[in-house]
Student: 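Have a look at the structure that comes next, please.
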Amino acid sequence: MTVDSRESAAALDAADPLAGMRARFVVDDEPIYLAGNSLGRLPCETSARLAQVVADEWGTGLVGSWESWIDLPTHVGDLIAGLIGARPGEVIVTDSTTVNLYKLASAALDARPAARVIVADADDFPTDRFVLEGLARARDLELRLFTADPVAGPKVDALADSLSPDTALLVMSHVDYRSGAIARLAEITERAHAVSALVLWDLSHSVGIVPVDVESAGVDLAVGCTYKYLNAGPGSPAFAYVRRSLQPELRQPIWGWFGQRQQFGMSGSYDPDPGIGGTQTGTPPVLGLVAAQVGAALVAEAGVDAIRTKSTALTAVAVECFDAWLAPLGFTLGSPRDPDRRGGHLTVEHPEAWGLCHALIERSGVVPDYRAPDAIRLGFPPLYTRFVDVWDALDRLRTLAQSGAVPVPPPRRVT
Ligand SMILES: Cc1ncc(COP(=O)(O)O)c(C=O)c1O
């Protein structure tokens, strides 16, 4: 093991160039929070910024503050564009990931009227599949679901077999929400383009943690959450990316005044903004956007490449601890072993996963994230997770599993 004691984990923290970022978050040493891949921590600056926006901009400035608020969706979009290899004017922050997926998928299907097939991953995050099921049913299209290895993710050639000349759209997650496997975004995009399909990537588990270059990969469309690795808070608005060359051609289906070219003209029929602004519909959630601005700026300050370097090292330590401690206790690794193919979280599987998660939270001071039926997801966001956190959390999981007394947990209500 490269890390064979708590002291050697602490030595990695001492040499960590991102160590100072931890103080930029509201953070306690206990419990050890490993669910940042679900809901990121609160940046210190967010509380102050929100208090100022509420007291001054809303409390005093009132409706006049829309002068600055109105551009937040594109300003924050431009900030996120810089994190995914897009250009200014290609990303907007609006609505939820689910709604953005619906809007962009609908627009893509409208742009390919003769093609009758949507291709998607049978094991993708449920909301993505549900949106596509609904679209396929409403338009009488075929939803062709491919299956892939649950740990390694899709192989490019096997996936390409699902694509046919009548494919309108391929929808996939770049980083698998369950295993953390990274899909080969550029190669898959190229294969979809070879049959003239458009491609829509869900970057929810990539943005702010795994480098993405949508421009060099020729990505058409993308969506993603801001409340995970961008730390924008519960229910913060999502982002939507539309390649600039596609913007004049694509029309999203939920027409509203925020998508209108002359929003305050107040007359005439719908004449959408030909740019990324046309992706909007109604009044933007200002407080969520302010939080997303702070969160995305923190990620930009640290740099996605530096974040990725630390992230790979954190999950590598976790894999070493897993092999030494958990594998002998009947756990299996639910994430790729190859660090280049692994995202920001590690999944360990166990038949009593929910009971173990519950006990970890209640008794061991570790907050993981559970996914039915048997996955414990351990998220290690590099901006605030230390190497000693990884060591301690896996050590506590080992101790708990060794005790053999996992209580029957209450039924689950949320994540
Ligand atoms: C891959 C993926 N897509 C979408 C979502 C959620 O979308 P929404 O913010 O619309 O609930 C999640 C949530 O965890 C996710 O993991």
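Because the structure is a prediction, the values reported are computed rather than measured. Note that ligands are numbered from 1 as they come in the structure, with each ligand's atoms numbered from 1 the same way.
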Student: Is there a polar contact, in the sense of an N or O pair closer than 3.5 Å, between Arg371 and ligand 1?
Tutor: no
Student: For Gln52 and Arg49: C-alpha separation, side-chain torsions, deciding distance, then whether side-chain hydrogen bond (donor to acceptor under 3.5 Å, both in side chains) applies.
Tutor: CA-CA 5 Å; Gln52 181 253 325; Arg49 269 286 285 145; 2.8 Å; yes
Student: Could you list which atoms of ligand 1 come closer than 4.0 Å to a heavy atom of Asp128?
Tutor: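 With Asp128 as reference, the close atoms of ligand 1 come out as 3 (N), 4 (C).
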Student: What I want to check is whether the side chains of Lys103 and Thr281 have a donor and an acceptor closer together than 3.5 Å.
Tutor: yes
Student: With only distance considered, is Asp124 within less than 3.5 Å of ligand 1 through an N or O on each side?
Tutor: no
Student: If you have a sec, work out which protein heavy atom is nearest atom 3 (N) of ligand 1 and how many Å separate them, to one decimal?
Tutor: Asp202 OD2, 2.7 Å
Student: Of the backbone atoms (N, CA, C, O) and the side-chain heavy atoms from C-beta on, which set of Leu101 has a member under 4.0 Å from an atom of ligand 1: side chain, backbone, both, or neither?
Tutor: neither
Student: Roughly how far, to the nearest 0.5 Å, is CZ of Arg363 from CZ of Arg396?
Tutor: 14.0 Å
Student: Please say whether Tyr227 places an N or O atom under 3.5 Å from an N or O atom belonging to ligand 1.
Tutor: yes
Student: Students should be able to answer this: which protein heavy-atom is nearest to atom 12 (C) of ligand 1, and at what distance?
Tutor: Phe125 CE2, 3.3 Å
Student: Checking the side chain of Gln280 only, and the main-chain atoms of Gly259 only, is there a donor and an acceptor separated by less than 3.5 Å?
Tutor: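 Checking the backbone N and O of Gly259 against the side chain of Gln280, no donor-acceptor pair under 3.5 Å is found.
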Student: How does Thr98 reach ligand 1, by side chain, by backbone, by both or by neither, if only non-hydrogen atoms under 4.0 Å count?
Tutor: both
Student: Carefully, step by step, assess Trp66 and Thr283 under the rule side-chain contact (heavy atoms from CB on, under 4.5 Å).
Tutor: CA-CA 10 Å; Trp66 274 110; Thr283 304; 3.5 Å; yes
Student: Pick out which of Arg342, Lys310, His345, Glu320 makes a side-chain hydrogen bond (donor to acceptor under 3.5 Å, both in side chains) with Thr315.
Tutor: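 Answer after filtering Arg342, Lys310, His345, Glu320: Arg342.
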Student: Of the choices Thr97, Val131, Asp176, which has the non-hydrogen atom that lies closest to atom 7 (O) of ligand 1?
Tutor: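 Checking each option, the heavy atom nearest atom 7 (O) of ligand 1 is found in Thr97.
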Student: What atoms of ligand 1 come closer than 4.0 angstrom to any heavy atom of Thr127?
Tutor: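 Going through ligand 1 atom by atom, the ones under 4.0 Å from Thr127 are 4 (C).
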Student: Can you confirm if the NZ or CZ of Arg41 lies within 45° of the ring axis of Tyr384 and under 6.0 Å from the centre of its six-membered ring?
Tutor: yes
Student: For Ser204, counting its heavy atoms only, list the atoms of ligand 1 lying under 4.0 Å from any of them.
Tutor: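 Near Ser204, meaning under 4.0 Å from one of its heavy atoms, ligand 1 has 1 (C), 2 (C), 3 (N), 4 (C).
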Student: Does any N or O atom in His205 lie less than 3.5 angstrom from one in ligand 1, N or O only?
Tutor: yes
Student: Given salt bridge (charged side-chain N to carboxylate O under 4.0 Å, His left out), test Asp13 with Arg386 step by step and report yes or no.
Tutor: CA-CA 6 Å; Asp13 287 320; Arg386 300 169 303 184; 5.3 Å; no
Student: Determine yes or no for a side-chain-to-main-chain donor-acceptor pair under 3.5 angstrom, with Asp374 supplying the side chain and Ala353 the backbone.
Tutor: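 Not a single qualifying donor-acceptor pair exists.
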Student: Output the list of atoms in ligand 1 that are nearer than 4.0 Å to some heavy atom of Lys228, sorted by atom number.
Tutor: 13 (C), 14 (O), 16 (O)
